[in-house]
Amino acid sequence: MFENDRFFSHLSDMEREMTFRTEMGLYYSYYKTIIEAPSFMDGMWLVMKDNVTEFPNTINVLKRFNLYPEVFLGMGFRSFDSITKWMGIKTKQCYKVNRGQNLPPVANCEGIGDPSYFYVTAIFVEQGIMMAIFFLFGYYLSNDIFGGLITVMAFFFNHGECTRAQWTPPLRESFAYPVFVFEMLLVTHCLRSTVSTWKHVISIAAAIVAFMLPWQFAQFALLTQIVAVFGTYTLGYINTDKMKCILIAHSLGLFTSFVFLFGNEMLFTSFYAAALLSLWVVIMLEPIINKLPHYIITFIGQIFLLLVGTVGFKFLLSCLLSATDDAHIGNLFKSKFTGYQDFHTMLYTCAAEFDFLEFKTILKLSYSLLIPSAIIVTIVVVYHFGVLEYNIWQTYISNEKDEDESKDVNLPPVPRPKPHAELLYHVFQLAAFTIMALIIMRLKLFFTPHLCLMCSLFASKQLFSFLGTRTRQYSIVILLIALMGVSGISQLRSQWNIKGEFSNGPQEELLEWIIAKTPKGRQTNL
């Protein structure tokens with residue numbers, strides 16, 4: 001799709017760089033700085049002491065722009081290029097392309113040995129690995145290989161609504177989201193495991209660091225995760241030790257990311273950090289909270305502490321660190337529901353991806369049966385938990401209450417942990433992603449893939465045992481995939497049929513003029 005849209009293989013180096021518009025070009029320019037520097041350390045020094053991007057100020061780009069993907073890709077390209085040249089391996093083929101339209105011919109190189117080819121190929125490889133993770137995720141969640149199959153097929157049938165990597169590879173989400181999928185798999189495994197160990201802590205923390213370093217927005221996705229996990233805790237589906245395990249992993253990941261991002265204040269003044277502190281307070285106060293006379297009061301008290309604590313800690317941390325860098329994020333949400341406007345909000349809201357979720361997107365996902373399928377699964381899961389809660393409630397009360405005092409007895413605490421915490425977590429996580437997508441359309445890239453993941457539960461023997469034999473259930477899953485394909489294949493073909501060729505003569509002429517007129521040694525990666 002990427003090649004069809006731009007004819008990338010036949011573009012010159014400058015034209016390829018010109019295709020990376022807006023912030024994508026900025027990210028690629030730092031990658032180019034690292035690979036063109038005399039040494040890797042020289043390139044690191046140039047990006048850590050950058051006096052061009054925000055001239056006359058000197059900034060550390062690693063701290064400011066989450067540039068670690070370009071650092072690793074730059075190091076990878078330099079190593080790959082050195083090794084293949086030393087071994088005499090040919091990694092690219094160069095030729096001259098006649099462009100016509102009164103444009104001069106350009107030199108062109110095709111192959112992974114070309115810097116831009118190496119850059120986009122690495123991104124597409126990561127996207128391929130993500131699909132393998134989705135397959136494993138669907139298989140693990142449903143305990144059936146058909147769960148992995150329906151997850152991957154649903155993703156492909158709704159490909160245009162699940163990812164933008166095929167059109168805009170250098171965006172931060174292209175690097176970060178695959179890591180987040182793996183991190184959610186690790187959290188799911190932790191929730192399902194009988195005992196939480198330091199292996200869970202270290203693996204989840206490492207995944208969180210790998211997710212936060214490439215993407216500034218990662219903190220908001222992780223905020224929804226800890227709230228979703230806390231939801232399973234308040235309802236008694238995980239015990240205190242498991243909640244502490246996940247909180248330690250998140251806290252360790254946040255602190256490590258803070259160090260690697262050279263003390264980026266936005267991390268410690270974020271709602272994510274404030275929510276983590278609030279959750280620690282709730283956990284520490286658990287002995288006191290559990291003394292409340294009724295389970296419902298306990299539940300309300302925990303939610304109240306989380307909300308008030310998060311807002312309070314956010315205000316306190318922002319004041320102590322005098323940080324206002326993330327004020328535009330709050331103003332963006334404010335502008336969504338009020339008439340508030342400033343420069344930043346108008347800059348964001350003029351772009352379609354920051355508007356509310358379009359109705360046509362909902363229609364597309366409905367025609368492909370993704371939303372109806374996810375709704376059916378969610379209803380079945382909620383019903384399953386409803387029956388479970390009712391049975392536990394009835395059994396527990398009947399064992400504790402006295403016939404003579406049945407009207408006055410105080411209900412004892414609900415026993416922990418209840419089974420299937422990982423399923424409840426994914427219901428809460430889907431609810432959070434749904435709200436995010438409805439408010440900001442760009443965030444449907446969390447919402448739509450999670451719908452695909454929820455569809456994997458159609459293959460769950462436990463949830464859909466009412467369908468009868470496994471043969472009948474497999475038949476229904478195969479039928480569902482076939483019905484999804486009716487609309488899904490049509491959507492894929494519409495993307496495959498997009499044919500284009502990048503050409504921007506006036507911009508190329510302008511850049512050539514700037515390069516020619518700028519004194520040597522003062523040129524920058526435009």
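What's counted below: heavy atoms across the whole structure, side chains too, no hydrogens, waters or symmetry copies. The residues of the chain are indexed from 1 along the displayed sequence.
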For the CZ atom on F72, are there more than 12 heavy atoms of other groups (residues, nucleotides or ligands in this structure) within a distance under 6.0 Å? no

Find out whether I34 and L46 are in side-chain contact, i.e. whether some heavy atom of one side chain is under 4.5 Å from a heavy atom of the other. no

Measuring from atom CD1 of I289 to atom CD1 of I297, what distance do you get when rounded to the nearest 0.5 angstrom? 12.5 Å

Do T234 and F299 have side-chain heavy atoms sitting under 4.5 Å apart? yes

So for atom CZ, which belongs to F466, do other residues, nucleotides or ligands contribute more than 12 heavy atoms lying within a distance under 6.0 Å? yes

Which word best sums up how the rings of H250 and Y272 line up, parallel for under 30°, tilted for 30 to 60°, or perpendicular for over 60°? perpendicular

May I ask you to check whether over 12 heavy atoms, not counting those of F182, lie within 6.0 Å of atom CZ? no

Rounded to the nearest 0.5 Å, how far apart are OG of S193 and NZ of K242? 6.0 Å

Working to the nearest 0.5 angstrom, can you tell me the gap between E173 CD and L445 CG? 5.0 Å

I226 side, atom CD1; L306 side, atom CG - distance, nearest 0.5 Å: 8.0 Å

Does N158 reach the main-chain N or O of A154 with its side chain, forming a donor-acceptor pair under 3.5 Å? yes

Which heavy-atom pair separates E183 from I208 by the least distance, and what is that distance? OE2-CG1, 3.6 Å

Over all atoms of both residues, closest heavy-atom pair of S278 and T310: OG-N, 2.8 Å

Any donor and acceptor pair, going by atom type alone, linking the side chain of D144 with main-chain N or O of S460 inside 3.5 Å? no

For the student: nearest non-hydrogen atoms of L453 and G138, plus distance: CD1-N, 3.9 Å

Run the numbers on V282 and F230 for side chain to side chain contact (heavy atoms under 4.5 Å, CB included), then give the verdict. CA-CA 10 Å; V282 173; F230 180 67; 3.9 Å; yes

For P449 and K444, work out which heavy atoms get closest and say how close. CD-O, 3.8 Å

K314 side chain vs T269 backbone, donor-acceptor pair below 3.5 Å: yes

Exactly one of T378, T232, T188 should register a side-chain hydrogen bond (donor to acceptor under 3.5 Å, both in side chains) with H426. Which one does? T188

Under 3.5 Å, is there a donor on one side chain and an acceptor on the other for E422 and Y140? no

Side-chain heavy atoms of I204 within contact of I248, under 4.5 Å: no

Presence of salt bridge, D50 and R64, under 4.0 angstrom: no

Within 45 degrees of the ring normal and closer than 6.0 Å to the centroid, is that where the cationic atom of R442 sits relative to F217? no

Can you tell me how far the CG atom of L467 sits from the OH atom of Y474, to the nearest 0.5 Å? 12.5 Å

Once you round to the nearest 0.5 Å, how far does OG1 of T448 lie from CZ of F155? 9.0 Å

Applying ring pair (Phe, Tyr, Trp, His ring centres under 6.0 Å), name anything that partners Y383, two or more places apart in sequence or on another chain. none

Any chance the side chains of H420 and Q462 put a donor and an acceptor closer than 3.5 Å? yes

For the rings on Y31 and Y28, is their centre-to-centre separation under 6.0 Å? yes

Do V281 and F313 come close enough that some side-chain heavy atom pair is under 4.5 Å? yes

Criterion side chain to side chain contact (heavy atoms under 4.5 Å, CB included) on M131 and F156, from CA distance to verdict: CA-CA 9 Å; M131 296 312 303; F156 278 120; 4.2 Å; yes

Counting N and O atoms only, with roles assigned by atom type, does the side chain of H450 sit under 3.5 Å from a partner on the main chain of F447, one being a donor and the other an acceptor? no

Taking everything shown except L316 itself, do over 12 heavy atoms lie less than 6.0 Å from its CG? yes

Once you measure the plane-to-plane angle for F446 and F180, does it fall in the parallel (<30°), tilted (30-60°) or perpendicular (>60°) bin? perpendicular

Exactly one of W167, Y117, F124 clears ring-ring contact (aromatic ring centres under 6.0 Å, His included) with F2, and that residue is F124

On a heavy-atom basis, the closest approach of I59 and E54 is CG2-OE1, 3.7 Å

If you count every heavy atom of other residues, nucleotides or ligands that lies below 6.0 Å from F262 atom CZ, does the total exceed 12? yes

Closest approach of T168 and S174, non-hydrogen atoms and distance? O-OG, 3.6 Å

Go through the structure and list residues passing side-chain contact (heavy atoms from CB on, under 4.5 Å) with V377, not counting sequence neighbours. V381, M454, L457, F458, F464

Compare all side-chain heavy atoms of L191 with those of Y237 and state whether any distance is below 4.5 angstrom. no

Indicate yes or no: does R172 engage E23 in a salt bridge with an N to O separation below 4.0 Å. no

Does some side-chain heavy atom of Y233 sit less than 4.5 Å from a side-chain heavy atom of T240? yes

Please tell me whether T53 and Y30 have a donor and an acceptor in their side chains that are separated by less than 3.5 angstrom. yes

Residue list, salt bridge (charged side-chain N to carboxylate O under 4.0 Å, His left out) with E126, at least two apart or on another chain: none

